[in-house]
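The block underneath contains the structure these notes are about, expressed in structure tokens.
The chains referred to below are lettered A, B, ... by the order of the sequence lines, with proteins before strands, and numbering in each begins at 1.
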There are 2 protein chains.
Amino acid sequence: MDVLKQMQKLALFQGVPAEKLKALAERALYRTYKAGEMFIGETDPAHAFYVIITGQVKLYKSSPEGREQTLNLLGPGDPFGMCTAFAIESFPANAMALEESGILLIPGPVMEAIAMKEPRLLVNIIQILSDRLRESMTLIESLSLKEIPQRLASFLIHALTREGGQGMNQLELTVTQRELAKILGATPEALSRGIRKMSNAGVLAVDGRSIRILDRKALGELAEGD
Amino acid sequence: MDVLKQMQKLALFQGVPAEKLKALAERALYRTYKAGEMFIGETDPAHAFYVIITGQVKLYKSSPEGREQTLNLLGPGDPFGMCTAFAIESFPANAMALEESGILLIPGPVMEAIAMKEPRLLVNIIQILSDRLRESMTLIESLSLKEIPQRLASFLIHALTREGGQGMNQLELTVTQRELAKILGATPEALSRGIRKMSNAGVLAVDGRSIRILDRKALGELAEGD
DNA sequence: CCTTCCCGTTGATCCAGGTCAATGACGCCC
DNA sequence: GGGCGTCATTGACCTGGATCAACGGGAAGG
């Protein structure tokens, strides 16, 4: 496990000189988490910077009655815990590994000390935070202004464009439909019905985790909430 | 209107040497917007950094049917448009002045050039973004997991602690109930009914824009969603 | 091979809250 | 002072989706 090699590949560290990375790598800790394992509760201090190397992690909030809302689905290369490293005292959500995952832990103060001398790293962080903020706004919009089929449609559009550019019309989910429901802010039942409605309308066809888009235009119109 | 004086007071510019601020101030533009005036649509490029000097601004999303969700309510000293200055192409929301407002505009490239040489400014931005991200997460949690009275309760708790610390049990809204409804992700009717329910329960008393908390403990329990 | 989960699906029921419509109370401008 | 637009409120109604319960199927583990 060559930590340094891994770090060099990440968008987070693009443009950061190798010796700075080395300083970080020396003080970083690599750990693996089993599927279903939680790293941080909402109240833990957790002054560290986490970077996912392998696997999949979700950030989520849960209600006292046990309902859950996924805030973010993170994969290899995605960092989190930026907030706590620089600013906020306690982590604002829960984090759970969805599969066996390898995570790099960089102590907050270490990260901060090095970043202060390396503006490029700070800018990278700003870009990532901006992106997250934009995603959050999209989620808020979905939850507040869209119904479930529309949310699914815009989720799919995003996933498609992120994955395979334009021509793509096939998609393999990285999570179960249950988890997808939590991302969309719905129950599994409601999602299932939404899917059914859309496949009846000839927009898409779902088989387990694989989704085929049959009518991309209709999907786009749904996503815009028309 | 001494722009430089104003800038020195802002959290955004704390710790930034005066000569850098001066360089920014020289290339900044001060403009006023009338109540109800929109600055940026979701699709405009708007590569600028905005800082509110006076007045009140909301960031929001709207649906084709005309429903609106307020993402952020911003007041004097609050910056926005961070995303576009560094990262994202188009602004991810709409912005509208709720009252007559004076805004400082710093062109994106200017801001970027100076920030690159001034890590402290970058760190300030990171802190503000982290904070916004945390607020967004709270809003997502509210929309997805809480009902309206609970949302109102947690909004009030936040507002109270932000305003007057602990002892405070009186609160003057800066916006109409209509606008508050858009912040909470509800209709004015639903909010009105929520308020009524809570005042029947003896938790608070509302008169126009002024709210008096009668049972802080009950309010806290509501906010936690118990 | 049989059991045991968990996942997706479907049906029945219920309710929070959105929508529509009407009313009264202010504040504003002519 | 009298119209007028906006705001808050209330009632009646409707619906999206949550909840509860039941069932089939595939994967994992005995």
Side-chain angles (χ1 to χ4, degrees), chain A residues 34-36 62-70 96 98-100 141-153 155 172-201 204-211 222 225, chain B residues 34-36 62-70 96 98-100 141-153 155 172-201 204-211 222 225:
Chain A
K34 285 197 272 291
S62 56
S63 75
E65 302 87 38
R67 291 191 35 130
E68 276 181 17
Q69 171 67 48
T70 298
M96 176 191 285
L98 287 177
E99 328 163 352
E100 165 120 19
E141 180 182 23
S142 279
L143 291 173
S144 178
L145 305 174
K146 292 180 180 173
E147 337 206 303
I148 288 177
Q150 300 174 329
R151 292 181 210 170
L152 177 56
F155 174 87
E172 199 72 15
L173 293 178
T174 62
V175 294
T176 63
Q177 288 185 29
R178 272 181 122 72
E179 287 301 329
L180 178 56
K182 288 178 196 165
I183 295 171
L184 299 180
T187 55
E189 294 96 324
L191 174 58
S192 178
R193 288 185 241 266
I195 290 174
R196 153 157 298 255
K197 190 185 287 185
M198 291 168 79
S199 53
N200 283 345
L204 46 74
V206 177
D207 178 39
R209 289 197 188 183
S210 78
I211 300 181
L222 258 183
Chain B
K34 284 197 272 291
S62 57
S63 77
E65 302 87 36
R67 288 190 35 116
E68 277 181 15
Q69 172 67 47
T70 297
M96 176 191 284
L98 286 177
E99 329 162 351
E100 166 119 19
E141 179 181 23
S142 279
L143 290 173
S144 179
L145 305 174
K146 292 181 179 173
E147 339 206 302
I148 288 176
Q150 300 172 330
R151 292 182 210 170
L152 177 56
F155 174 87
E172 199 72 15
L173 292 178
T174 62
V175 293
T176 63
Q177 287 185 27
R178 272 181 122 70
E179 287 301 328
L180 178 56
K182 289 179 195 165
I183 295 171
L184 299 179
T187 56
E189 295 95 324
L191 174 57
S192 177
R193 288 186 241 266
I195 290 174
R196 154 159 298 257
K197 189 186 288 184
M198 291 168 78
S199 54
N200 282 345
L204 47 73
V206 176
D207 178 38
R209 289 197 187 182
S210 79
I211 300 182
L222 257 183

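For the residue pair A:Gly208 and A:Gln177, the shortest heavy atom distance occurs at O-NE2, 3.3 Å. Minimum heavy-atom separation, A:Arg151 to A:Gly185: NH1-O, 3.0 Å.
For the pair B:Leu98 CG and D:dC7 P, the computed distance is 11 Å after rounding to whole Å. The nearest whole Å value for the distance from the CG atom in B:Asp207 to the C1' atom in C:dC26 is 12 Å. Rounding to whole angstrom units, CZ of residue A:Arg209 and P of C:dC6 are separated by 15 Å. Between A:Glu65 atom CD and D:dA18 atom P there is a gap of 13 Å when expressed in whole angstrom units. Atom C1' of nucleotide C:dT9 and atom CG of A:Leu180 are separated by 15 Å, given to the nearest angstrom. As rounded to whole Å, 15 Å separates atom C1' of C:dG18 from atom NZ of B:Lys182. As a whole-Å value, the separation of A:Asn200 CG from C:dT9 P is 12 Å. Between A:Leu184 atom CG and D:dG16 atom C1' the separation is 15 Å, expressed in whole Å.
A heavy-atom distance below 4.5 Å is not found between the side chains of B:Ile148 and B:Lys197.
At a threshold of 4.0 angstrom between heavy atoms, the contacts of B:Ile148 are confined to the sugar-phosphate backbone, with no base atom among them. Among the heavy atoms of the strands, none lies under 4.0 Å from A:Gly194.
Nearest nucleotide to the A:Arg178 side chain, out of C:dC7, D:dA18, C:dT19: C:dC7. Listed candidates were D:dT10, C:dG18, D:dG17. Nearest to the side chain of B:Ala186 is C:dG18.
Contact annotation: A:Thr176 does not reach the phosphate of C:dC7 (side-chain N/O to OP1 or OP2, under 4.0 Å). In this structure, A:Gln177 reaches the C:dT9 phosphate: one of its side-chain N or O atoms is under 4.0 Å from OP1 or OP2. Remark: A:Arg67 is in phosphate contact with D:dT19, judged by side-chain N or O atoms under 4.0 Å from OP1 or OP2.
Side-chain N/O atoms of A:Glu189 and base N/O atoms of D:dC20 include a donor-acceptor pair closer than 3.5 Å. Side chain A:Arg193 to base D:dG16: no donor-acceptor pair is found below 3.5 Å.
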Exercise for the section: In sequence, state the C-alpha distance, the side-chain angles, and the governing distance for A:Leu145 and B:Glu65, and then conclude on side chain to side chain contact (heavy atoms under 4.5 Å, CB included). Expected result: CA-CA 9 Å; A:Leu145 305 174; B:Glu65 302 87 36; over 6 Å; no
Practice task
Decide side chain to side chain contact (heavy atoms under 4.5 Å, CB included) for A:Leu191 and A:Arg178; before the verdict, give the C-alpha distance in whole Å, the side-chain angles of both, and the deciding distance to 0.1 Å.
Solution key: CA-CA 8 Å; A:Leu191 174 58; A:Arg178 272 181 122 72; over 6 Å; no
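For the pair A:Arg151 and B:Ser192, both in contact range of DNA chain D, the more 5′-proximal nearest nucleotide belongs to B:Ser192.
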